[in-house]
2 protein chains.
Amino acid sequence: MTQIPLARRSPIPPESCNLASAIEVVGDRWTLLILRAALYGVRRFDDFQAELKCPRTVLSGRLKGLVDAGLLVKRPYKAPGKRARPEYTLSAMGLSLRPILIGLTQWGDAWLGAGESPPISFTKAGTKVAIRAAFVDADGREVRPDQIRTVIRG
Amino acid sequence: MTQIPLARRSPIPPESCNLASAIEVVGDRWTLLILRAALYGVRRFDDFQAELKCPRTVLSGRLKGLVDAGLLVKRPYKAPGKRARPEYTLSAMGLSLRPILIGLTQWGDAWLGAGESPPISFTKAGTKVAIRAAFVDADGREVRPDQIRTVIRG
DNA sequence: TGTATGGGTTCGCTTTCTAAATCCAGACCT
DNA sequence: AGGTCTGGATTTAGAAAGCGAACCCATACA
């Protein structure tokens, strides 16, 4: 466990950092829980509400925000014999958050999981081999955490 | 871009999901910004405050929460000629969030970056090869997103 | 005509956030 | 000893967001 050297400030101020921008977009409890549900296939207002048990005002606000940010797409769906209603599906932008949420799931399994075996795990298609979040180089080979170097002004 | 099949509910309810637990711990704007700064080496109350420009009440509350949750360790440091003061450093638990925050940084670079080259990039030590967050199997070989399978109940 | 259903909005109340001021302990100076 | 500086907070009061419950609205169906 390498100690991080002391710094008075981050190398990039939060205002001009894309991590900080990303946090503005998804760094919110309800927003993250909505994305979690969406990644599992939930699409409809009442299903989100039943799952999250959050106030409907909050839900409609967050859904609107996620649509505005481009993570969700709102479009009508029509079940036969029912009137058309909106559904919210993940855009490519939203789908590309999946590795991050899987990484966070595994972090939770490791540190918050009370020693039990995780209720959800992830494997490579066609195998039973568990996978994990890590860093890779251009060739797709793992780079260990202590090998990571930060480069400013890329 | 594979469509996610419609679901009325997540396979695991949020109450018993470690992702939801993780979101409870770190799913907050200020908390994430504190962790970002901590990963860059910021340790002291006033340095966090100068960087985040958040109310000191919020900062002290969040730091306390992160210490309670085990992500930060509070211990005294002493600069010569100064009184001892607390500093907040990342525990192993906190450090292990680094891949996730780097992943989120790169997500922000890709989707929020306004087309500019990212201000921060990451390389493998001793090389100029850029690295990225990804999934690997047990042997450290990359698994592409479309190869990921979800397995319920451990 | 009425009832059910999904997708919201409106309404009050409570909690949390925010900014500014204040507090506090120890080091240093004279 | 008294005064000042400095880092690490807490207090206070107003603004914003969260919350639960109730209500609204359009359309299918009986």
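In what follows, chains carry the letters A, B, and so on, assigned in the order in which the sequence lines appear, proteins first and then strands, with residues in each chain numbered from 1.
For DNA chain D, runs of at least 3 consecutive pairs of the Watson-Crick or G-U wobble type, with both hydrogen-bonding distances under 3.5 angstrom, map to C:1-30 with D:1-30.
Residue B:Ser60 has its side chain nearest to D:dA9 when only D:dA9, C:dG6, C:dG26 are considered. Ranking C:dG8, C:dG6, D:dT6 by closeness to the A:Arg85 side chain, first place goes to C:dG6.
Between the side chain of A:Ser91 and the main chain of A:Gly70, a donor-acceptor pair closer than 3.5 Å is present. In this structure, the side chain of A:Gln106 engages the main chain of A:Ala133 through a donor-acceptor pair within 3.5 Å. A donor-acceptor pair is defined here as one N or O able to donate and one able to accept, closer than 3.5 Å; such a pair exists between the side chain of B:Trp107 and the backbone of A:Met93. Of the possible polar contacts, none joining the A:Asp109 side chain to the A:Leu112 backbone as a donor-acceptor pair under 3.5 Å is found. Side-chain atoms of A:Arg141 do not come within 3.5 Å of backbone N or O of A:Ala138 as any donor-acceptor pair. Looking only at distances, no side-chain donor or acceptor of B:Lys64 sits under 3.5 Å from a matching main-chain atom of B:Asp68. Counting only distance, with no hydrogens or angles, the side chain of A:Glu87 and the backbone of A:Lys74 share no donor-acceptor pair below 3.5 Å.
Between the P atom of C:dC23 and the CZ atom of B:Phe45 lies a distance of 17 Å, rounded to the nearest Å. The distance between atom CD of A:Glu87 and atom C1' of C:dG7, rounded to the nearest whole Å, is 13 Å. Distance CG (B:Leu59) to P (D:dT10): 10 Å, rounded to an integer number of Å. Between the CZ atom of B:Arg44 and the P atom of D:dA9 there is a distance of 13 Å, rounded to whole Å. What separates CZ of B:Arg56 from P of C:dA20 is a distance of 13 Å, to the nearest Å. Atom C1' of nucleotide D:dC19 and atom CG of A:Leu52 are separated by 14 Å, given to the nearest angstrom. Between B:Arg29 atom CZ and C:dT18 atom P there is a gap of 7 Å when expressed in whole angstrom units. Summarising the geometry, the separation between CG on A:Leu72 and P on C:dG7 is reported as 14 Å, rounded to the nearest angstrom.
DNA chain D is contacted by both A:Lys78 and B:Leu63; B:Leu63 maps to the nucleotide lying nearer its 5′ end (nearest heavy atom per residue). Comparing A:Cys54 and A:Ala84 along DNA chain D, the residue whose closest nucleotide (by nearest heavy atom) sits nearer the 5' end is A:Cys54.
In summary, the side chains of B:Arg43 and B:Tyr77 do not present any donor paired with an acceptor at a separation below 3.5 Å, with no hydrogens or angles considered.
With values rounded to the nearest 0.5 angstrom, B:Leu104 atom CG is found 11.0 Å from B:Leu97 atom CG.
Within 4.0 Å (heavy atoms only), A:Phe48 reaches no atom of the nucleic acid at all.
An OP1 or OP2 oxygen of D:dA9 is reached within less than 4.0 angstrom by a side-chain nitrogen or oxygen of B:Tyr88. Dashed line: the shortest gap from a side-chain N or O of A:Lys82 to OP1 or OP2 of C:dG7 is not under 4.0 Å. Dashed line: the shortest gap from a side-chain N or O of B:Lys64 to OP1 or OP2 of D:dT10 is under 4.0 Å.
By the 6.0 Å contact criterion, CZ on A:Arg9 is enclosed, its count of non-hydrogen atoms from other residues, nucleotides or ligands being greater than 12.
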Between the protein and nucleotides 12-18 of chain D, are there any N/O to N/O pairs under 3.5 Å, and if so, what are the atom names and distances?
from	atom 1	to	atom 2	distance (Å)
D:dG18	OP1	A:Arg62	NH2	2.4

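A:Arg83 contributes no side-chain N or O that forms a donor-acceptor pair with the base of D:dA28 under 3.5 Å.
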